[in-house]
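In this chain, residues are counted from 1 in sequence order. All values below were derived from every heavy atom in this structure, side-chain atoms included, with hydrogens, water molecules and symmetry-related copies excluded.
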Amino acid sequence: MTLSALPSEAGEAQNVTVLRRPADARVPLACWLAMPAMIAAERPPLVATHGIRRDAEEQAALLSSRAAELGRPVIAPHFDQTSWPYYQQVVREGRADQALLRLMRALKDEGVWLTATFDLAGFSGGGQFAHRFAMLHPETINRLTVVAAGWYTFPDDTLFPYGLASRPGQTRDWGSRFAERLDAFLQLPITVCVGAFDNRPDRNTRSGPDIERQQGRDRAARASRWAEALRCAARKRGLSADISHEILPGCGHDFAACVEQGGLDRLIFGASTGAGTALTPTPCFPSKRPPAVSCGKTVRRFQMTTTEPLKPEMLARAKWAFSTRRVPKHQAVLIDADLQSAASGDLIIGEVIQIGSHKRVQLTTGRNSELYVGDLVVLACGDRYAPDQFEGIAELDPEGADMLAGGGVIGRMRHSHGRMLPPTRIVPLGRLAGQTGTVLNLGAYALQPLTRPSALTVIGVVGASMNSGKTTAVASLTHGLTRAGRRVAAIKGTGTGAFGDYNAFIDAGAAFVADFTDAGMVSTYRQPLQRIASGFDTLLAHAKDADCDVAVMELADGVFQNETAELLKTPHIREGFAGVVFAGPDALAVAGGCAALRGMGIEPAAVTGTVSCSPLATLEAEAACGIAVMTREALRDPQEAAALLDHMLSDTVRMTPLPNAEKRAQGVGLAA
């Protein structure tokens with residue numbers, strides 16, 4: 001069977017055809033080809049390697065005019081996200097370098113190219129692939145062009161892959177293998193390009209003191225430093241080097257702009273127009289050649305699709321985190337590789353590559369599952385605010401993202417508590433999408449938005465910090481009020497998705513349990529205040545629809561956390577509470593927390609938390625703030641819980657001592 005194709009554009013119908021060669025049993029790597037009608041037999045083909053957008057088709061199309069002019073085929077391999085998640089690193093699982101070598105051998109057999117070597121160019125992530133491939137296989141390369149790579153392997157003694165030094169304990173010593181071929185690599189004609197405006201670090205530019213010290217802060221600085229490092233390495237070895245550094249005018253980090261405005265195609269192909277070169281018709285391809293699919297008409301800018309079918313075996317293997325519990329698994333049928341567009345709430349399928357702080361993932365079934373390297377997991381992209389653990393944001397690095405919470409949140413860690421291990425690392429394979437290509441996001445599976453009900457008593461529970469006893473207070477008060485004959489809803493209004501609090505509320509006997517995930521947010525950190533407030537209204541309305549007459553709502557973290565503080569200052573939220581219970585770890589935190597609440601116009605009705613575990617700390621707290629401290633046993637007691645609710649519903653501004661408070665004081669020999 002022969003290749004079939006449609007002409008690319010009317011004006012180029014006789015010059016070049018853009019078509020796709022699919023992967024097959026012999027060659028697992030697909031590619032797009034820009035095939036001139038006439039080939040210069042003595043000129044090498046150009047292999048153009050895409051970045052993480054995986055826009056091989058667009059690159060082949062954008063380079064097709066120059067290819068036709070010079071009679072040089074363009075081969076644009078397509079490293080799909082599922083099969084080649086680490087292609088930029090060349091030697092990771094799957095061996096992208098070997099896949100390209102197999103593809104090139106097959107294309108030579110099929111008559112696509114006729115020379116001994118080929119030119120190699122790569123943009124962004126493809127630039128990472130291109131220079132590492134050339135370092136490992138310099139004998140296959142005629143000329144190398146590296147464009148706007150995020151970071152580089154330097155010819156120095158930094159640990160591989162940042163340099164060529166061997167990593168201790170590594171079974172595969174790739175640093176030394178790269179170093180063995182360094183002389184041959186440095187003698188290649190090498191052009192290092194970057195856009196004039198490509199000087200802003202982004203989520204795909206590795207950051208940190210060590211790499212910035214070696215390579216620079218942004219792509220522009222890193223291209224310049226790497227080119228100079230290659231020249232220095234060549235001089236030290238007494239080698240003659242042809243290494244140039246080019247700035248592409250008028251463009252940033254965009255391949256089409258680099259071609260159309262920056263003249264990248266002329267740099268990649270060289271300045272020759274092909275005049276005087278003998279051109280021969282493109283040969284008829286042998287029948288052993290696999291069928292290819294034409295792209296039809298070529299356009300200068302593509303609206304690229306980045307989706308691929310989700311393999312059923314991947315879906316079956318994946319561990320779905322608790323945060324994704326509202327999304328039906330069967331609706332995930334595609335993988336969208338556009339990680340740069342990932343937003344909070346998007347469902348991400350990824351592979352565990354390193355076990356760190358989170359050694360387990362909380363499943364939708366309500367149990368923990370041990371994590372192993374190689375596990376597939378489905379998590380939600382999101383932010384997290386946890387002073388005792390991690391602070392992170394909803395950004396994904398295709399080479400490895402961070403598991404920010406055991407309930408199933410993936411993003412980029414920015415800060416961590418000193419006692420925490422590094423986060424568990426996961427390579428995101430893509431965003432899960434439905435049949436139409438729409439990315440699955442928790443927001444699409446939220447409870448129906450409703451307005452806040454008026455006939456529902458709401459008790460707010462806030463605290464000094466994480467782990468101050470808020471969840472225990474909600475569960476205990478829910479249990480006590482339930483025993484007192486109330487139908488109680490237990491709700492977590494802010495925080496990060498996890499099943500610990502959710503399960504605790506169920507165990508306490510709540511008639512309705514929900515959290516912000518049910519309102520479509522995997523985390524409320526960095527979410528718009530109006531969205532969080534609307535989530536409050538929706539959850540409370542559904543609690544009322546479940547015939548609850550009291551709702552106990554927890555606000556995560558401390559009163560100084562940004563979203564919590566802003567919510568408590570919002571009249572719609574603050575005035576909706578019949579009363580507020582404050583949880584603190586010690587007397588000083590209680591005194592400061594109650595003062596902060598009073599500064600917001602909120603008089604706490606009771607104090608609880610881990611401070612209540614100590615009789616002495618309890619007396620200090622009560623003396624400092626003038627409010628009764630309740631133990632969890634007191635909150636669970638139906639009479640004391642009912643008395644607390646009655647106090648909130650009364651017109652009393654400051655709470656008088658609750659039953660047994662004076663006895664508790666006398667029991668330790670101190671005055672109340």
Give me the ring orientation class for Phe79 and Tyr87: parallel if the planes are under 30° apart, tilted from 30 to 60°, perpendicular past 60°.
parallel
Nearest-0.5 Å distance, CG of residue Leu404 to CD1 of residue Ile410
8.0 Å
Centres of the Phe178 and Phe160 rings: under 6.0 Å?
yes
List in chain and number order the residues that pass ring-ring contact (aromatic ring centres under 6.0 Å, His included) with His131, two or more places apart in sequence or in another chain; answer none if no residue qualifies.
Tyr152, Trp226
Only counting residues at least two apart or in another chain, list the ones meeting ring-ring contact (aromatic ring centres under 6.0 Å, His included) with Phe118.
Trp113
Using salt bridge (charged side-chain N to carboxylate O under 4.0 Å, His left out) as the criterion, point out the one residue from Arg384, Arg425, Arg412 that pairs with Asp402.
Arg425
Interatomic distance, CZ@Phe390 vs CG@Asp383, rounded to 0.5 Å, equals 15.0 Å
Restricting to side-chain contact (heavy atoms from CB on, under 4.5 Å), what partner residues turn up for Val333, sequence neighbours left out?
Gln435
Give the intermediate values and the outcome of salt bridge (Lys or Arg N to Asp or Glu O under 4.0 Å) for residues Glu69 and Arg66.
CA-CA 5 Å; Glu69 183 180 347; Arg66 188 72 173 154; 3.2 Å; yes
Can Gln214 and Asp156 be counted as having a side-chain donor-acceptor contact under 3.5 angstrom?
yes
For Arg105, what residues pass the salt bridge (charged side-chain N to carboxylate O under 4.0 Å, His left out) criterion, not counting sequence neighbours?
none
With sequence neighbours left out, write down each residue that passes side-chain contact (heavy atoms from CB on, under 4.5 Å) with Asn199, or none if nothing qualifies.
Asp218, Ala220
Ignoring hydrogens, what is the shortest heavy-atom contact between Gln389 and His358? Give both atom names and the distance.
OE1-NE2, 3.7 Å
Restricting to salt bridge (charged side-chain N to carboxylate O under 4.0 Å, His left out), what partner residues turn up for Glu139, sequence neighbours left out?
none
Holding to salt bridge (charged side-chain N to carboxylate O under 4.0 Å, His left out), I want the full list of residues that pass it with Glu563, two or more places apart in sequence or in another chain.
none
If only atom types and distance count, is the side chain of Arg102 paired as donor or acceptor with the main-chain N or O of Pro28 below 3.5 Å?
no
Hey, could you give me the CG/OG distance between Asn441 and Ser344, rounded to the nearest 0.5 Å?
7.5 Å
Hits for side-chain contact (heavy atoms from CB on, under 4.5 Å) against Pro44, two or more places apart or cross-chain, chain-then-number order -> Arg72, Thr115, Asp119, Asn142
Salt bridge (Lys or Arg N to Asp or Glu O under 4.0 Å), that's the test. Do Asp336 and Arg431 meet it? Break it down for me.
CA-CA 5 Å; Asp336 187 317; Arg431 302 183 295 169; 3.6 Å; yes
One thing to verify: whether Arg414 and Glu391 come together as a salt bridge, which I'm taking to mean a side-chain N less than 4.0 angstrom from a carboxylate O.
yes
Pairing residues for His137 by the ring-ring contact (aromatic ring centres under 6.0 Å, His included) criterion, not counting sequence neighbours:
Phe133
Could you pull out all residues at least two apart from Arg222 that satisfy salt bridge (charged side-chain N to carboxylate O under 4.0 Å, His left out)?
none
Looking only at heavy atoms, the pair that brings Leu432 and Ala332 closest together is CD1-CB, 3.9 Å
Residues which pass side-chain contact (heavy atoms from CB on, under 4.5 Å) with Glu246, listed by chain and number, not counting sequence neighbours:
Thr191, Cys193, Ser244, Leu267
Can you name the closest pair of heavy atoms from Arg231 and Glu228 and give their distance?
NH1-OE1, 2.9 Å
All ring-ring contact (aromatic ring centres under 6.0 Å, His included) counterparts of Tyr525, not counting sequence neighbours
Tyr385
